There are 4 protein chains.
Amino acid sequence: MDRRLTQRGKERKRQLMDFAATRFAESGYHPTSVAEIVEGMGVGKGVFYWYFASKEELLLEILREAQLDMRRRQQSEMGDSTDPVDRLESGIRATMYWLAEHRDLMSLFEFAQADEHFGPLLRPGRDNSMSDVMRHVQEAMVAGRVPNGDPFVVSHAIIGVTNHLARVFILGREEPAEDVAQAAIMFCRSGLLGQRGGTGCRLR
Amino acid sequence: MDRRLTQRGKERKRQLMDFAATRFAESGYHPTSVAEIVEGMGVGKGVFYWYFASKEELLLEILREAQLDMRRRQQSEMGDSTDPVDRLESGIRATMYWLAEHRDLMSLFEFAQADEHFGPLLRPGRDNSMSDVMRHVQEAMVAGRVPNGDPFVVSHAIIGVTNHLARVFILGREEPAEDVAQAAIMFCRSGLLGQRGGTGCRLR
Amino acid sequence: MDRRLTQRGKERKRQLMDFAATRFAESGYHPTSVAEIVEGMGVGKGVFYWYFASKEELLLEILREAQLDMRRRQQSEMGDSTDPVDRLESGIRATMYWLAEHRDLMSLFEFAQADEHFGPLLRPGRDNSMSDVMRHVQEAMVAGRVPNGDPFVVSHAIIGVTNHLARVFILGREEPAEDVAQAAIMFCRSGLLGQRGGTGCRLR
Amino acid sequence: MDRRLTQRGKERKRQLMDFAATRFAESGYHPTSVAEIVEGMGVGKGVFYWYFASKEELLLEILREAQLDMRRRQQSEMGDSTDPVDRLESGIRATMYWLAEHRDLMSLFEFAQADEHFGPLLRPGRDNSMSDVMRHVQEAMVAGRVPNGDPFVVSHAIIGVTNHLARVFILGREEPAEDVAQAAIMFCRSGLLGQRGGTGCRLR
DNA sequence: AATGAATGAGCGTTCATTCAT
DNA sequence: GATGAATGAACGCTCATTCAT
């Protein structure tokens, strides 16, 4: 299935992946049949199996590309600052913006992560993102910017806040990414007991 | 499908729900066929449809029962304290213990929440849990125990931390519920910048 | 299945047959399940199989009873006159009245006659009715009241007119039995070319 | 289910419709399973659902095509004469010939007309045929060829005679269409009391 | 590269019937 | 007599995948 594709072939493949992602996000992976995808695109079944070994492979390709793209965005946003806490905040912000721009893919991630079969196949990518976050947390602890603790746990807490707020406020309520990012950052900074303040929270 | 069941009938139904929950958690809802369930239990197919209108209805019944049970546990744990922050912490702890005792159901919640069809059907239950949390957050703000802010957002942040840590450390790594609860509570209390301390974190 | 039934048993059986006939007429024989019948009557499945050997046997019993009852009515109406043509007209009228009073059973006859399995089982009863009609036709020919011809063909023509008008005007349009009977009688008497007249036709 | 079919596809569909019609006529619609049809044709199940949306849709397609074809035959036979009574007689004759050539479809019509579900779906087609007949009857009345009366009732009487004689003598006894047509025409012309004669009746 | 046609195992579900109580 | 529970073959239908053209 490693075809050398012409320019036209690459475009076809793109269209197929985009169209399938939308359908998967709307109706779910299992309920969306290959027939639906090819009919929706007005092509024959052969086209699908020319570009993808299977329906499963299609989803994995969509997912892996998305993981890569999101990570690139996070890194390009985080990379510049010298303060690790700043970098974490940039990462949260980058994540929110990316998710807001790719709601379909957010849905797909939700599905895949919860899925017995696809969940484990997402691990490598998630581990990468995870160690990105952890690196900054660790650095922040070493630098004394953040109290000592288990960086793995703290990183997961950050990810938990970020993802859940994205789910609720971006996927569910279509709030502006900036506002959701601010909310996540503020909670991650100081939790419940710390002083709320600064830019405040514009959600709702 | 509202049958008046004998004692034997009720037991059968229980067995079916428990067995199905395990299978759904192990292999996923879609990949688990009704045939697999009844064969696994050594009964005829008719039995299944004697107790449940459909495979879907079975899942919903499992899910609704689980939501109810978890909420009962949270409330019985939270109810006694006069301090709203204490109550929130009790709620987090109750959640962790419940999830640790019902890993299968945690898996099922993950799946259902991410699912295009079942997700929305979980809403009523989730809204109830949500408003439980929010009530305490609001009270804590009014009492000055917690800086003012949007209680809806703050509640979701708490839920995000709790669920994600549960996912990673209880479902994925089978850590003791108490430790995971402590970790969640500590992060929720003071976020990144607050002082880490107290009982410390025993995860890993 | 030849049970000696108590009084209560006979009533139960009656109720079952009446209820089933209604349901069969409304929704069709195949689409109506035994479960539907017993649930509709609020009894258990056992009751059904106590009174009937099978669903098929139930239908046959309904049908045979109906054939018998209709024939009794035709004969009691026809029997008195000395003119065979009068008797034929009385038969048509009796048929229309009976069908109007038993629309459900008319539906069932329609179904059963068209059915590959039940059709042939209705033969004995239909043959009886047929020879009733034929006897009068033959007599009328012998008496010179009606031109000679094949009494079998003529009898079927009469039956065709009667049944079809019943189907259309009694089952479909709920016209009064008397009017439909008049219409059938008039057409059977003189066909297209004969003089229309007498009481006229009140249909529509 | 509006597929653009290749030549091969059209032939397959034809074969399926013909084969299914035969089976339905032999064993009945409900008792004939899709599996039986595809096995009888030696193809996979998918083939069936490639050409038809459902078993029901298949029957409807068969039925509608048959209605259309029969009506075409009636009209081509009736169209030429200037005398409306002649046209009615041609219509009866055309019907008998068509039914004799399509015994399977006659069976299917019987079933469908008596069926709670399919009966109503046949209405449009039957209404068309009905108004064809009525037009001629009305014209005959206006022209004084036939005594005045309700053309709707008279038309239904004609249809009743024709269909019933077809049922008995063509479907049941395989008599020649010409003889059955003659018998129907004669009865419709002059009923019971008119003079029998002319070509006489060759049935039996 | 692409098509329409075909495959067939497997799905969720139904239902006439039987049975233990 | 009557019940709720159970059976299991059969049903209509789906769908990822393959194939001939």
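All figures in this text were calculated on a predicted structure; none of them were measured in a lab. When reading the values below, keep in mind they use all heavy atoms of this one structure, side chains included, and skip hydrogens, waters and symmetry mates. All chains are named by letter (A, B, ...) in the order of the sequence lines, taking the proteins before the strands, and each is independently numbered beginning at 1.
If you take NE2 of A/His117 and C1' of F/dA16, they are 14 Å apart, rounded to a whole angstrom. Between D/Glu36 atom CD and F/dA9 atom P the separation is 18 Å, expressed in whole Å. Distance, A/Glu39 CD to E/dT3 C1': 13 Å, rounded to whole Å. For the pair D/Glu56 CD and F/dC11 P, the computed distance is 18 Å after rounding to whole Å. For the pair C/Ile37 CD1 and F/dT3 C1', the computed distance is 18 Å after rounding to whole Å. Atom CZ of D/Phe48 is separated from atom P of E/dG8 by 18 Å (rounded to the nearest Å). The CG-C1' distance, from B/Leu59 to E/dG12, rounds to 15 Å in whole Å. Distance C/His30 NE2 to F/dG12 C1': 16 Å, rounded to the nearest Å.
If you check F/dA6, E/dA1, E/dG12 against the side chain of A/Thr6, the one that comes closest is E/dA1. Here the side chain of D/Lys55 is nearest to one of E/dT13, F/dC13, F/dG1, namely F/dC13. Of the candidates F/dA5, F/dT18, E/dT7, the closest approach to any side-chain atom of D/Val47 belongs to E/dT7.
Of the residues near DNA chain F, C/Lys10 and B/Val43, the one whose nearest nucleotide (by heavy atom distance) lies more toward the 5' end is C/Lys10. Mapping C/Pro31 and B/Val34 onto DNA chain E via the closest heavy atom, the residue that lands nearer the 5' end is B/Val34. Comparing C/Gly9 and B/Gly46, the nucleotide of DNA chain F nearest to each residue sits closer to the 5' end for C/Gly9. Take the nearest nucleotide of DNA chain E for A/Gly42 and for C/Tyr29: the residue whose nucleotide is more 5' is A/Gly42.
Applying the 4.0 Å criterion to OP1 and OP2 of E/dA5, one finds that D/Arg3 has every side-chain N and O outside that range. For the OP1/OP2 pair of F/dG4 and a distance below 4.0 Å, the side-chain nitrogens and oxygens of B/Tyr51 include no atom meeting the criterion. For the pair D/Trp50 and E/dA5, the criterion of a side-chain N or O lying under 4.0 Å from OP1 or OP2 is met. A close approach under 4.0 Å does occur between a side-chain nitrogen or oxygen of A/Arg12 and OP1 or OP2 of E/dA2. Listed pair A/Ser54 / F/dA16 fails the phosphate criterion, with no side-chain N or O lying under 4.0 Å from OP1 or OP2. The shortest distance between the side-chain N/O atoms of B/Tyr49 and the OP1/OP2 oxygens of E/dT14 is not below 4.0 Å. Between F/dA6 and B/Arg8, a contact under 4.0 Å exists linking OP1 or OP2 to a side-chain N or O.
Contact check on D/Lys45 versus D/Glu39 returns no salt bridge, with no Lys/Arg side-chain nitrogen under 4.0 Å from an Asp/Glu carboxylate oxygen.
Remark: F/dT21 base-pairs with E/dA2. Criterion, Watson-Crick or G-U wobble with two distances under 3.5 Å.
The aromatic rings of D/His30 and C/His30 are tilted relative to each other, their planes meeting at an angle between 30° and 60°.
Few gaps surround CZ on C/Arg126; more than 12 heavy atoms of other groups in view lie less than 6.0 Å from it. Atom CZ of C/Arg14 sits in a crowded spot, with more than 12 heavy atoms from other residues, nucleotides or ligands closer than 6.0 Å.
Put simply, CD1 on A/Ile62 and OG1 on A/Thr22 are 8.5 Å apart, with the number rounded to the nearest 0.5 Å.
A donor N or O paired with an acceptor N or O is found under 3.5 Å between the base of E/dT13 and the side-chain atoms of B/Lys45.
Contact annotation: the side chain of B/Lys13 approaches that of B/Phe52 to within less than 4.5 Å [non-hydrogen atoms, C-beta and beyond].
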